[in-house]
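Below: one structure, written as C-alpha cells.
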Amino acid sequence: MIRRAASDIRAAVDELSRLDSATGDGDHGSAMLRSMDAAEKALAEAGESASPKDVLFQAGWAVMSAAGGATGPLLGSLLMGLSEGFGDNPRLDAAGTAAAFEAALASVRKQTKAQPGDKTMMDALVPAVTAIREAADAGAGIPAALKQAAEAAAKGAEATVTMQARFGRAKNLGERSIGSVDAGARSMALLLAGFAAALGGK
Amino acid sequence: MIRRAASDIRAAVDELSRLDSATGDGDHGSAMLRSMDAAEKALAEAGESASPKDVLFQAGWAVMSAAGGATGPLLGSLLMGLSEGFGDNPRLDAAGTAAAFEAALASVRKQTKAQPGDKTMMDALVPAVTAIREAADAGAGIPAALKQAAEAAAKGAEATVTMQARFGRAKNLGERSIGSVDAGARSMALLLAGFAAALGGK
Amino acid sequence: MAMKKFINDPANLTSELLEGYVQAYGDKVALAGDRTVVRAKCKDESKVAIVTLGGAGHEPALSGFVGEGMLDASVVGDIFAAPGPPPVFEALKLMDRPAGVLFVVLNHAGDLMSANMAMDMASKQGLNVRQVLTHEDIAPGADSPAEDRRGLVGCVPLYKIAGAAAEAGKDLDEVCRVAEKFNAQMATLAVAIKTATHPQSGEEIFALADDEMEVGMGQHGEAGTGRSQMMTADQTARVMVEQLAKAVKAGKGDKVLLIINGAGATTLMEQFIIFRAARKVLAEAGIEVARSLVGEYLTVQEMAGFQMFVAKMDDELLSLWDAPCDTPYLTVR
Amino acid sequence: MAMKKFINDPANLTSELLEGYVQAYGDKVALAGDRTVVRAKCKDESKVAIVTLGGAGHEPALSGFVGEGMLDASVVGDIFAAPGPPPVFEALKLMDRPAGVLFVVLNHAGDLMSANMAMDMASKQGLNVRQVLTHEDIAPGADSPAEDRRGLVGCVPLYKIAGAAAEAGKDLDEVCRVAEKFNAQMATLAVAIKTATHPQSGEEIFALADDEMEVGMGQHGEAGTGRSQMMTADQTARVMVEQLAKAVKAGKGDKVLLIINGAGATTLMEQFIIFRAARKVLAEAGIEVARSLVGEYLTVQEMAGFQMFVAKMDDELLSLWDAPCDTPYLTVR
Ligand SMILES: Nc1ncnc2c1ncn2[C@@H]1O[C@H](COP(=O)(O)OP(=O)(O)O)[C@@H](O)[C@H]1O
Ligand SMILES: Nc1ncnc2c1ncn2[C@@H]1O[C@H](COP(=O)(O)OP(=O)(O)O)[C@@H](O)[C@H]1O
Ligand SMILES: [Mg+2]
Ligand SMILES: [Mg+2]
Ligand SMILES: [Mg+2]
Ligand SMILES: [Mg+2]
C-alpha cells in the first residue's frame with residue numbers, strides 16, 4: 001500500500017515542487033520524495049511479520065526525521081495516528097479502517113488548526129476521511145471505501161485552486177496565493193489514490 | 001599673509017573638491033576650508049603681539065585638529081615647521097624666510113616620503129622652497145622670493161596632470177590617476193600664491 | 001544580482017556551518033548527533049536544562065547561545081526550516097533529568113509542529129519537560145492573538161533569564177515562572193530595507209523598492225504591516241519605540257532592557273545611531289534603559305534591517321540578566 | 001542602488017555612533033572628549049596603558065575593544081579617516097604614567113601621519129610612549145616592504161596579547177616585546193565580493209562584476225592583488241590559507257591562532273563554512289588551530305567578504321591570549 005503510493009509520488013515529484021513554488025518555497029516535491037524513501041526504508045526494516053501498528057509508527061517517525069518543513073510533522077502525524085488507530089488488535093475491515101483514519105486525522109489536528117477551505121492538505125484529507133467513514137457505515141469493503149476516499153481527496157485538492165491560503169508559507173502571499181492547486185493537498189490526494197490502487201488490485 | 005591665502009582658498013573650495021574627486025574621495029576642498037577657518041581662528045586668538053613662532057605653531061596645531069585626512073597632518077606640519085624655522089628670534093629677511101621654509105619642508109618630510117613626481121602636494125612645495133632659497137641666495141627680498149616660489153609652485157602643480165600617483169588615496173587608482181591636477185598640489189600652489197600676493201602688496 | 005556567497009554544495013550548508021561552529025568554539029560547545037549543539041561541559045544534572053529548536057541561517061542564533069548560564073541544547077533544522085520532531089525528542093531525552101527540562105520554542109508553524117510532536121512523545125515517555133512559547137512580535141498588533149505573533153530575537157534574552165535561574169539551582173516551577181514572566185513583558189518589532197538571498201534557492205526572500213522600508217517584516221521575509229518611504233534613523237527609532245513601549249506598558253519610572261539586533265547587512269554604526277535615538281525617545285517618556293545589547297544576535301542572512309526589542313524589567317529579572325554566562329556569542333562576567 | 005542606511009545627517013555619523021556606543025556599554029566604556037573612547041573604570045596607574053587610533057566606520061573596531069585586558073583608549077577619526085594629531089596627542093597625555101604607554105598604530109597613511117606627529121609632540125613633552133606599527137597584510141606579497149603592507153584585523157588580537165601583558169603588570173619593555181613578537185608572526189589576507197557604500201558620500205567604495213571576487217582588497221576599497229571568478233568557500237579558503245601559512249612560516253607541528261573576520265554582509269554561516277575549510281587545509285599541513293575567532297571584529301560597512309588572519313603561537317602568546325578580558329566585543333572569562 002505504502003509502496004504503491006510511494007511510486008505514484010515519485011512520479012509526481014516535479015509537479016509537487018512546481019505547485020509549491022507557486023505559493024511556497026518549492027521544496028514539497030523533494031520533501032515528499034524523502035518521506036517516501038524514509039517510509040519504505042522503515043517498512044523494509046520492520047520486516048514482514050511486524051504489526052500494522054509498529055510499521056506505521058516506524059514509518060511516521062522516519063518521515064518526521066526525513067521530510068523537514070511542514071510535511072514532516074504533518075505526514076508523520078498522519079502515519080503515527082493511523083498506527084494508534086489500528087492499535088494492538090487491528091480490525092482489518094472497513095469500519096476499523098475508518099476508525100484508524102479518524103484517529104489519524106485527529107493526530108494531524110493536534111499539529112494544525114487548518115480546516116478545509118484554508119488551502120492546505122486538509123482540503124484533501126478531511127473529505128477523504130469522511131468518505132471512508134460513510135462508505136464503511138454503508139457496509140462497503142475496504143477497497144471501495146478507499147476508492148471513494150481517493151475520489152473525495154482528488155476533488156478536495158482541485159478545489160484549492162480558488163482558495164486563499166490561511167496556513168503555511170503560502171499565507172504570506174495573501175490574495176496572491178489564489179490560482180494554483182495547493183501542493184500539500186495534491187500530494188495527499190496522490191497518497192490516497194495510491195492506497196486505493198494498491199488495494200483495488202490494480 | 002595667512003588671511004589672503006585663506007580667502008584665495010575659499011574661492012577655490014569647489015575646484016579643489018572636484019580635483020580630489022577625480023583621484024581621491026572628493027573632500028579636499030572642505031578639508032582646506034576647515035584648515036583655513038582653523039588657522040584664522042588661531043590667528044585671531046593669538047592676538048597682534050604674538051610672535052610668528054607662536055602664531056604659526058597654534059595655526060599648525062589648529063589645522064591638524066580641524067582638517068582631517070591627509071591635509072591635516074601635512075599642512076599642519078608645514079605650519080609647525082615654519083614656526084620652528086622662524087624660531088624665537090626670527091630674521092625677517094629673505095634668507096630667514098628661506099631657512100624657515102626649508103625647516104617647514106623638512107617637517108613635512110617627516111610625515112611623508114613623497115617626492116616631486118609622485119603627484120602630491122610635494123610637486124608644488126619642493127620647487128617653491130627651492131625657488132625661495134635661490135632668490136634669497138641671489139639677494140632678492142621677501143616679496144620677490146615668494147613671488148618666484150608661487151610661480152614655481154604653480155608650474156609644479158600643473159605638471160602633476162601627467163603624473164601617476166604614488167602616495168595617498170590616488171595611489172589605488174594606478175594609471176587611472178593620470179589626467180588631472182593633484183588636488184593637494186593645486187591647493188599648495190594657491191597657498192603660496194596667496195602668501196606672495198599678500199606681501200607683494202596686491 | 002546573482003547570489004554571491006562563500007558556500008559549497010547548498011545541500012550541505014547546515015552540516016558544514018555546524019561543523020565549523022563547534023570547531024571554532026570547541027571549548028564551549030559540541031555536537032550531539034548531526035544537528036544538536038550541546039555544551040562542551042554538561043551542566044550539573046541537579047539543575048534544570050534549557051533546550052530550544054529552530055532553523056539554521058540565522059547565525060549566531062540559536063546555537064550561539066549554548067553554554068554556561070544560557071542553553072543546554074539547541075536542535076538545528078535546515079536553512080529557515082524547523083528540525084523534524086525526532087531529533088527534538090532525542091534532545092529532550094538526552095537532557096532529561098529529575099530536575100526537569102525547560103523547552104523554549106519560537107512561534108513559527110514548523111517549529112511549533114515539531115515541538116508539539118516531540119512534547120507528545122516526551123510526555124508519553126514520562127519525561128519532565130515544560131514548554132515556553134515566545135511570540136513577542138507586535139507587528140500584527142500587540143493585542144492580536146498569541147498564535148499570530150511570531151517569536152523573534154526575544155528568545156535570546158529569554159534564554160539568558162531562564163538560563164540564569166536554572167544555573168542558580170532554581171527548580172523547574174521557578175525557572176518556568178521567571179521565563180513566563182519575562183515572556184509576558186517583552187515585545188519586538190522588525191524592519192527591513194534590503195532583501196537577502198536564500199542560500200539554497202539563491203532567490204531573494206522578498207522585494208522592496210529602492211526607497212522603501214517595511215516595518216514588521218518577519219525573519220524569513222514574511223510580509224510586515226506596512227511599507228513606507230525610507231526614514232531617517234531618528235524617525236525610524238521613534239516609530240518603533242513608541243509602539244514597543246506601549247506594547248509592554250512601559251511608562252515613567254519603568255526600567256527596560258533594550259536590544260538592537262542587526263539583521264545582517266545593517267552596520268553596527270547604524271545600530272548605535274538607532275540605539276542612541278531609541279534611548280532619546282524612551283528618555284522623553286521617562287523610561288530608563290537599564291540594560292542593553294547592540295549587535296547581531298539573530299540574523300536573516302545578508303538582509304539589511306534590524307529588530308528592536310524592549311522588555312520591562314524588575315529587580316528579579318535584572319539580577320538574572322546580570323548573572324554570569326559564557327557562550328560563544330554572549331558572555332557576561 | 002541608492003544608499004539605504006539608517007542614519008541622520010551624514011556629518012554627524014561619528015559623533016552619533018560614539019554616543020550610542022558608550023551608552024550601550026556604559027558599564028565598560030566612556031568618552032573622554034569628543035572622540036576618544038576610554039574605559040569606564042581606569043586601569044591601575046602602575047600598569048602600562050594601551051592606546052590606539054583609527055577611522056570610524058569599521059565597527060566594532062577599534063573602540064569595541066576598549067576594556068579590561070585590552071585597550072585603555074581609542075582615538076576615533078571620521079568615517080574611514082584618521083583622527084588629527086592633536087586628539088591623539090591628548091589621549092597619549094591623558095594615559096601618560098610612569099609605567100608608560102604602548103601605542104598601537106595600523107599602517108595606513110593617515111593614521112601613521114597623525115601617529116608620528118603625536119609621537120613627536122609626546123617625546124618633546126617627555127611622555128613615556130612606545131609605538132608598535134601593524135602591517136600584516138600580505139596582499140602585496142609577504143616579503144614586500146613593511147610600509148607597503150596595511151594594518152588589517154591583526155590589531156585586534158594584538159590588543160589582546162599586549163593588553164594581557166599590561167594587565168599582568170609587565171613593564172613597558174616586556175609589553176613591547178610580546179607585542180612585537182606577535183606582530184612579527186601574524187598575517188592577514190582580505191577578500192571582497194560585494195561593495196559597500198560610503199555612508200557620507202553615498203558612493204560605492206569599489207566596483208566588482210557579478211561573478212567576480214577580489215583577493216587582497218583593502219578595508220577601504222583599496223585595490224587588491226587580483227580579481228578572479230567567484231570561487232566556492234573551500235577553494236577560497238585553500239587559496240588564502242596556503243599564502244598565509246607560508247607568510248608566517250607555519251609548518252607541521254606548529255600551533256596557530258586563526259581568525260575569520262566578516263566584512264559586514266558576509267553571514268556567520270559563510271564564515272563558519274570558510275573556517276571549517278581553512279582548518280581542513282591547515283590540518284593537511286599538520287598545523288594545529290590552537291585558538292580561533294569567527295565573527296565581525298573589523299568591518300567595512302556592508303561590504304561582503306572577509307579577512308582571514310593567521311598567527312603562529314607559542315606557549316607565552318597562548319597564555320596571554322587565554323587571559324581574561326572584558327570589553328564590549330570580546331570577552332574571555
Ligand atoms: N500549518 C499547516 N497546516 C496544514 N497544512 C500545512 C500547514 N503548513 C503547510 N501545510 C501544507 O504543507 C504544504 C507545504 O509542504 P512543504 O513544502 O513540504 O513544507 P514547507 O512549507 O515547510 O516548505 C502546503 O502546500 C500545505 O498543504
Ligand atoms: N602620503 C602623502 N604624501 C604627500 N601628500 C599626500 C599624501 N597623501 C595625500 N597627499 C596629498 O593630499 C591630497 C589629498 O588631501 P585630502 O583630500 O584632504 O586628504 P584625503 O586623501 O585623506 O581625503 C592629495 O591630493 C595629495 O596632494
Ligand atoms: Mg515548501
Ligand atoms: Mg520548505
Ligand atoms: Mg580627499
Ligand atoms: Mg578624506
Side-chain angles (χ1 to χ4, degrees), chain C residues 1-2 4-8 13 16-21 23-25 56-57 59-60 64 79 191 193-194 199 210-211 213 230-234 236-237 260 264-277 279 289 292-296 299 301-302 304 306 324 326 329 331-333, chain D residues 1-2 4-8 13 16-21 23-25 56-57 59-60 64 79 191 193-194 199 210-211 213 230-234 236-237 260 264-277 279 289 292-296 299 301-302 304 306 324 326 329 331-333:
Chain C
M1 189 197 272
K4 232 179 169 180
K5 296 195 180 187
F6 294 105
I7 56 176
N8 300 302
L13 285 172
E16 289 185 6
L17 86 86
L18 285 178
E19 197 180 321
Y21 172 56
Q23 286 171 345
Y25 296 95
E59 289 66 34
I79 302 297
V191 57
I193 57 174
K194 279 191 223 168
D210 270 11
D211 58 347
M213 57 192 277
M230 188 68 199
M231 293 188 271
T232 65
D234 285 358
T236 309
I260 306 295
T266 285
T267 58
L268 251 186
M269 172 193 83
E270 292 162 87
Q271 294 173 50
F272 289 137
I273 293 173
I274 285 280
F275 176 77
R276 167 189 168 279
R279 273 183 66 109
V289 177
S292 56
L293 287 178
V294 182
E296 292 179 355
T299 62
Q301 295 289 306
E302 79 282 20
F306 64 90
D326 193 12
Y329 289 89
T331 313
V332 174
R333 283 183 67 200
Chain D
M1 191 197 272
K4 231 178 167 181
K5 296 193 181 188
F6 294 105
I7 56 176
N8 300 301
L13 285 173
E16 290 185 6
L17 87 87
L18 285 178
E19 197 180 322
Y21 173 56
Q23 287 171 344
Y25 296 96
E59 289 64 34
I79 303 295
V191 58
I193 56 174
K194 280 190 223 168
D210 270 11
D211 58 348
M213 59 191 277
M230 189 67 199
M231 292 188 272
T232 65
D234 284 358
T236 309
I260 306 296
T266 285
T267 58
L268 252 185
M269 173 192 82
E270 292 161 88
Q271 295 173 49
F272 288 137
I273 292 174
I274 286 280
F275 176 76
R276 168 189 167 279
R279 273 182 65 110
V289 177
S292 55
L293 286 178
V294 181
E296 293 180 354
T299 62
Q301 295 289 308
E302 79 283 20
F306 64 92
D326 193 14
Y329 289 90
T331 314
V332 174
R333 283 182 67 198

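Per chain, numbering begins at 1; letters A, B, ... match sequence-line order. All of these numbers come straight from a predicted model, not from anything done at the bench.
With chain C as partner, the option from D:Glu296, D:Glu302, D:Met230, D:Arg279 having the largest number of non-hydrogen pairs under 4.5 angstrom is D:Arg279. Heavy-atom pairs under 4.5 Å with chain C were tallied for D:Ile273, D:Thr267, D:Leu18; the largest tally goes to D:Ile273. Interface summary for chain C: among D:Met213, D:Glu16, D:Glu19, the most heavy-atom pairs under 4.5 angstrom belong to D:Glu16. The most heavy-atom pairs under 4.5 Å with chain D, out of C:Val191, C:Leu17, C:Thr331, come from C:Leu17. Heavy-atom pairs under 4.5 Å with chain D peak, among C:Met231, C:Arg333, C:Glu59, at C:Arg333.
Across C:Pro199 and C:Gln301, no two heavy atoms sit closer than the pair CG-OE1, 3.6 Å. Taking all atoms of both residues into account, the shortest heavy-atom contact from D:Ala277 to D:Asp234 is CB-OD1, 3.2 Å. The heavy-atom pair separating C:Ala233 from D:Asn8 by the smallest distance is N-OD1, 3.3 Å. Considering every non-hydrogen atom in both C:Val294 and D:Tyr25, the closest pair reads O-OH, 3.2 Å. Of all the heavy atoms in C:Gly295 and C:Leu268, the pair that sits closest is CA-CD2, 4.0 Å. Across all their heavy atoms, D:Lys194 and C:Lys4 have their closest contact at CE-CB, 3.8 Å.
Heavy atoms of C:Ile7 lying under 4.5 Å from chain D belong to its backbone as well as its side chain. For a residue to count as touching a neighbouring chain, one of its non-hydrogen atoms must lie under 4.5 Å from one of that chain's; by this rule C:Val332 touches chain D with the backbone only. Both the backbone and the side chain of C:Ala24 come within less than 4.5 Å of a heavy atom in chain D. D:Thr266 touches chain C through its side chain: at least one heavy atom from C-beta onward sits under 4.5 Å away, while N, CA, C and O do not. Of the atoms belonging to C:Gln271, not a single heavy atom falls under 4.5 Å from chain D. Residue C:Leu13 touches chain D through both its backbone and its side chain, counting heavy-atom pairs closer than 4.5 Å. Contact annotation for D:Thr232: both backbone and side-chain heavy atoms come within less than 4.5 Å of a heavy atom of chain C.
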Point to revise | Stepwise side-chain contact (heavy atoms from CB on, under 4.5 Å) test for D:Met269 and C:Ile79 | key: CA-CA 10 Å; D:Met269 173 192 82; C:Ile79 302 297; 3.9 Å; yes
Exercise for review: For the pair D:Phe6 and C:Ile260, evaluate side-chain contact (heavy atoms from CB on, under 4.5 Å) and give the outcome as yes or no after the intermediate values.
Suggested key: CA-CA 12 Å; D:Phe6 294 105; C:Ile260 306 295; over 6 Å; no
